[in-house]
There are 2 protein chains.
Amino acid sequence: MVTKRGVCPIEDYGYEAIEKVIDMIAGKWKLRILYLLTKYECLRYGELKKHVPGITHKMLSMQLKELEKDKLLVRKEYPQVPPKVEYSLTVKGWGLVPLYEQLGIWVMENREEFMGL
Amino acid sequence: MVTKRGVCPIEDYGYEAIEKVIDMIAGKWKLRILYLLTKYECLRYGELKKHVPGITHKMLSMQLKELEKDKLLVRKEYPQVPPKVEYSLTVKGWGLVPLYEQLGIWVMENREEFMGL
DNA sequence: CAGTATCCCAATAGATACTG
DNA sequence: CAGTATCTATTGGGATACTG
């Protein structure tokens, strides 16, 4: 039953663009990584691993590489031994915050669905 | 380089809730299906299949079942031969429109990234 | 410390055939 | 028309070992 109308802008940008955005932010790990970086602003590889319980070495490595490729975060390597690498968000990455906020709003609107988790 | 601050609400709802939302809307097909229903409001199974080029019978069937289970759309079956089934969005499904709008805004903010598609 | 490489198993999705 | 069942090819992700 349709009870509410709305304007959906997907067509203006094409499916491919939207799907690419979904790919960038979807997934169990990317969301967590991006969120941690909005919170702590700058984290080392090992710190990220500690803060994302359950993620494997391989997955963290792959996800970070993808996020870097998508220009959502930057990787800063310090040329020293032992190596030190820091990750932080780009402006583009920070731009996702309103999207996450909207996500939160929708969760609140349907909170009874999510209480049982 | 961090140049912009923002407040990220993920922690207020817990990762699980947000991940469940992502699961609900992510994926190559769900977004298309939901979008078509915001546009046409009510579509039969075969009409959906026509409007989502490339989707297989099996996938459309599975995705619709999941979307129905997540209460994003409703399935209305007419008891006749040959069978007729119509799909339309629920209020909860329509509630996703602002989320898609925010997605579109972010695409526009980074449009140079998405032009080459 | 911060990765990469390899192997292997489980889950996913496509094609096809069948049904009320 | 609108599905379900089955079989199979491909992929994704975990565990482990190795490297600068």
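Below, chains carry the letters A, B, ... as their sequence lines are ordered, and counting in each starts from 1.
No side-chain heavy atom of B:Ile18 sits less than 4.5 Å from a side-chain heavy atom of A:Tyr100. Considering only heavy atoms from C-beta on, A:Tyr40 stays 4.5 Å or farther from A:Glu47 through its side chain. Using a 4.5 Å heavy-atom cutoff, the side chains of B:Leu60 and B:Trp29 are not in contact. A:Leu48 has its side chain within reach of A:Leu64: a pair of non-hydrogen atoms, C-beta onward, lies under 4.5 Å apart. Annotation: side chain of B:Leu99 is in contact with side chain of A:Leu99 (closest heavy-atom distance under 4.5 Å).
Taking atom NE2 of A:His57 as the reference point, atom C1' of D:dA17 lies 11 Å away to the nearest angstrom. If you take CD of A:Glu77 and C1' of C:dA2, they are 9 Å apart, rounded to a whole angstrom. Residue A:Ile55 contributes atom CD1, which lies 10 Å from atom P of D:dG13 at whole-angstrom precision.
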Please tabulate, one pair per line, each protein N/O and nucleotide N/O from nucleotides 5-12 of chain D that are separated by under 3.5 Å, including the distance.
none

Return the polar atom pairs (N/O with N/O) between nucleotides 18-20 of chain D and the protein under 3.5 Å, or none.
none

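Of all heavy-atom pairs between B:Ser88 and B:Cys42, the closest is CB-CA, 4.3 Å. Shown here for B:Leu73 and B:Leu37, the closest heavy-atom pair between the two residues is CD2-CD1, 3.8 Å.
Only B:Ser61, B:Lys65, listed by number, bring a heavy atom of residues 60-67 of chain B to less than 4.0 angstrom from any atom of DNA chain D. For the segment residues 43-51 of chain A, no residue has any heavy atom less than 4.0 angstrom from an atom of DNA chain D.
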*Could you provide the dot-bracket string of DNA chain C, using ( ) for intrastrand pairs, [ ] for crossing pairs and | for bases paired to another strand, with Watson-Crick or G-U pairs below 3.5 Å?*
||||||||||||||||||||
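Listed by first and then second residue, the salt bridge (Lys or Arg N to Asp or Glu O under 4.0 Å) pairs that reach into residues 76-90 of chain A are A:Arg75-A:Glu77, A:Lys84-A:Glu86, sequence neighbours excluded. Residues in residues 62-73 of chain B take part in these side chain to side chain donor-acceptor pair (under 3.5 Å) pairs, two or more places apart or across chains: B:Lys30-B:Glu66. Sorted by first and then second residue, the pairs that involve residues 54-93 of chain B and meet ring pair (Phe, Tyr, Trp, His ring centres under 6.0 Å), not counting sequence neighbours, are B:Tyr45-B:His57.
Of all nucleotides listed (D:dG14, C:dG14, D:dG3), D:dG14 comes nearest to the side chain of A:Trp29.
In this structure, B:Ile25 CD1 and B:Leu67 CG are separated by 11.0 Å, a value rounded to the nearest 0.5 Å. In this structure, A:Lys49 NZ and A:Leu43 CG are separated by 14.5 Å, a value rounded to the nearest 0.5 Å. Taken from CG in B:Leu103 to CD1 in A:Ile22, the straight-line distance is 5.0 Å, to the nearest 0.5 Å.
Partners of A:Ile105 by side-chain contact (heavy atoms from CB on, under 4.5 Å), not counting sequence neighbours, listed by chain and number: A:Gln102, A:Glu109. Every salt bridge (charged side-chain N to carboxylate O under 4.0 Å, His left out) that B:Lys92 has, sequence neighbours left out, goes to A:Glu113. Partners of A:Arg44 by side chain to side chain donor-acceptor pair (under 3.5 Å), not counting sequence neighbours: none found.
A:Tyr87 comes within 4.0 angstrom of sugar-phosphate atoms only, judged by non-hydrogen atoms across all strands, and of no base.
The side chain of B:Arg75 places no N or O atom within less than 4.0 Å of a non-bridging phosphate oxygen (OP1 or OP2) of D:dA2.
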